[in-house]
Protein chains: 2
Amino acid sequence: MEKCTNEAHHHSKHNHQLCYEHTMQTIEKLCAKRNIRLTPQRKTVIQLMLNADKAMSAYDLLDQLKEIEPQAKPPTIYRALDFLIEQGFVHKVESINCYIICPHFDDPSHISILFICDKCQSIIEEHSPIIEAQLQSLAQKNMFIIQHSVLEIHGTCQHCANQIVGQ
Amino acid sequence: MEKCTNEAHHHSKHNHQLCYEHTMQTIEKLCAKRNIRLTPQRKTVIQLMLNADKAMSAYDLLDQLKEIEPQAKPPTIYRALDFLIEQGFVHKVESINCYIICPHFDDPSHISILFICDKCQSIIEEHSPIIEAQLQSLAQKNMFIIQHSVLEIHGTCQHCANQIVGQ
DNA sequence: TGCATAACGATATATGATATTATTAATAAA
DNA sequence: TTTATTAATAATATCATATATCGTTATGCA
Ligand SMILES: [Zn+2]
Ligand SMILES: [Zn+2]
Ligand SMILES: [Zn+2]
Ligand SMILES: [Zn+2]
């Protein structure tokens, strides 16, 4: 099946339901393997994010979560997000205070480069060994020890650029 | 005179006062040239940031501004920051919601790469044509039009790394 | 069963940022 | 000089994002 990313969800017609269930199953297996608990609440948050097809703010997610669990409060969603980020299933998009499912959580060995469409909030995740090497080189020059990289590129996605031209 | 960056301020013994005045004068000249007003309030905010030697949050700056202008409120500091960012004198550090003076505001033709020390909040600014080209290449592959890039690398600076080893 | 730990619920509070409207200061035009 | 126009500042309210705290409940294990 076609690799399912936010981008694919958003702009193609592949079988979303199949892909969605496949992702959930992969996450469930990984949690079992790591001996950590994927509680119904955490699972619900993943489901909300998978269905969104775009970056979601904590309060966007909270509003949706409340429809299922009316007692949910800000700490509820932040605790779930903390867990999911810690486990590598979710990225925080720092420059817009939003959150996405990482489409490559089964291979966390790379630095993620996010291309963020400011029109539709869809996000393409890319990777580049060249950039990683170059960053390491710059770090060494300054005797800096890298712990975590935030690479977020803002602009307009193909879909939205076409819409503007087409009008 | 030695080029004055946050890093230089923080970890060397160069003449801060000289450098500080040199930076202020350069900004004043640029504003005159652009025919925009560097009001006392805006100048004060620049001074606070230059004296800080590290990334400052809006409310850190507001607290200090209040000591000089007691009537200052949140919009006061955000208006000043908006102006300074627009003019390229200041960067927002998205991943920590803080602000720094850009040490290269006289040459805004580059994408800035920020190396942020999570121990002391000092920031080194670097640039890399290789990374810029590689990002463009990734963007083209996805038919993405880049408008603004956020490249923020977190870790430990030389100074803080030595402190840890030295203990 | 009893204990330790992790998760959850609930409230409060902190932090970050914008909207709105009013007021004042600076500049330009008449 | 008066008036018009614009830019800057002030004050308040409101929205948005995130954390602290503490008590309760669920889960896994000795
Ligand atoms: Zn990822
Ligand atoms: Zn788009
Ligand atoms: Zn800069
Ligand atoms: Zn440091």
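Side-chain atoms are counted along with the backbone in the values below, which use heavy atoms only and exclude waters and symmetry mates. Note that the structure is predicted; figures quoted are calculated from it, not measured.
Rounding to whole angstrom units, CD of residue Gln71(A) and C1' of dA7(C) are separated by 13 Å. Per the geometry, CG belonging to Asp82(B) stands 14 Å off C1' belonging to dT9(D), to the nearest Å. Look at CZ on Arg37(B): it is 12 Å from C1' on dA28(C), rounded to the nearest Å. Rounded to an integer number of Å, the gap from Leu62(A) CG to dA10(C) C1' is 13 Å. Nucleotide dA10(D) holds its C1' atom 13 Å from the NZ atom of Lys66(B), rounded to whole Å. Note: CD1 (Ile77(B)) to P (dT15(C)) measures 16 Å, nearest angstrom. Atom pair Leu61(B):CG and dG16(C):P shows a separation of 11 Å (rounding to whole Å applied). Taking atom CG of residue Asn35(B) and atom P of nucleotide dA28(C), one finds them 9 Å apart after rounding to whole Å.
In this structure, a donor-acceptor pair under 3.5 Å is absent between the side chains of Ser149(A) and His154(B). A donor and an acceptor atom, one from each side chain of Gln158(A) and Asn142(B), are nowhere located under 3.5 Å apart. In summary, the side chains of Glu125(B) and His91(B) do present a donor paired with an acceptor at a separation below 3.5 Å, with no hydrogens or angles considered.
The neighbour count for Lys43(A) NZ, taken as heavy atoms of other residues, nucleotides or ligands under 6.0 Å away, does not exceed 12. Surrounding CD of Glu86(A) are at most 12 heavy atoms belonging to other residues, nucleotides or ligands under 6.0 Å away.
With centroids closer than 5.5 Å and planes inclined by less than 30 degrees as the test, Tyr78(B) and the base of dT18(C) fail to qualify as a stacked pair.
Residue Phe83(B) is classed as having no contact, given no heavy-atom separation below 4.0 Å to the nucleic acid.
Distances were taken from every side-chain heavy atom of Lys92(B) (C-beta onward) to each of dG9(C), dT9(D), dA17(C); the shortest belongs to dA17(C). Set against dT19(D), dT17(D), dA10(C), the side chain of Pro74(A) has dT19(D) as its closest nucleotide. Comparing dA8(D), dA10(D), dA18(D) by their closest approach to the side chain of Tyr99(A) singles out dA18(D). Nearest nucleotide to the side chain of Lys73(A), out of dA8(D), dT11(C), dG9(C): dT11(C). Distance from the side chain of Gln41(B) is smallest to dT9(D) among dT19(D), dA17(C), dT9(D).
Between the base of dA14(C) and the side chain of Tyr59(B) there is no donor-acceptor pair shorter than 3.5 Å. For a distance-only test at 3.5 Å, the side chain of Arg79(A) qualifies as a donor-acceptor partner of the base of dG9(C).
Judged by closest nucleotide on DNA chain C, Cys98(B) is the one of Cys98(B) and Pro75(B) placed further toward the 5' end. Heavy-atom nearest nucleotides on DNA chain D were determined for Ala58(A) and for Ala72(B), and the one closer to the 5' end corresponds to Ala72(B).
Under 4.0 angstrom from either OP1 or OP2 of dA7(D) there lies no side-chain N or O belonging to Thr39(B). Using a 4.0 Å cut-off, some side-chain N or O of Asn97(A) falls inside it from OP1 or OP2 of dA18(D).
Placement of Leu38(A) and Phe105(A) within a single hydrophobic cluster is found when ILVMFWY residues are connected by side-chain heavy-atom separations under 4.5 Å, directly or transitively.
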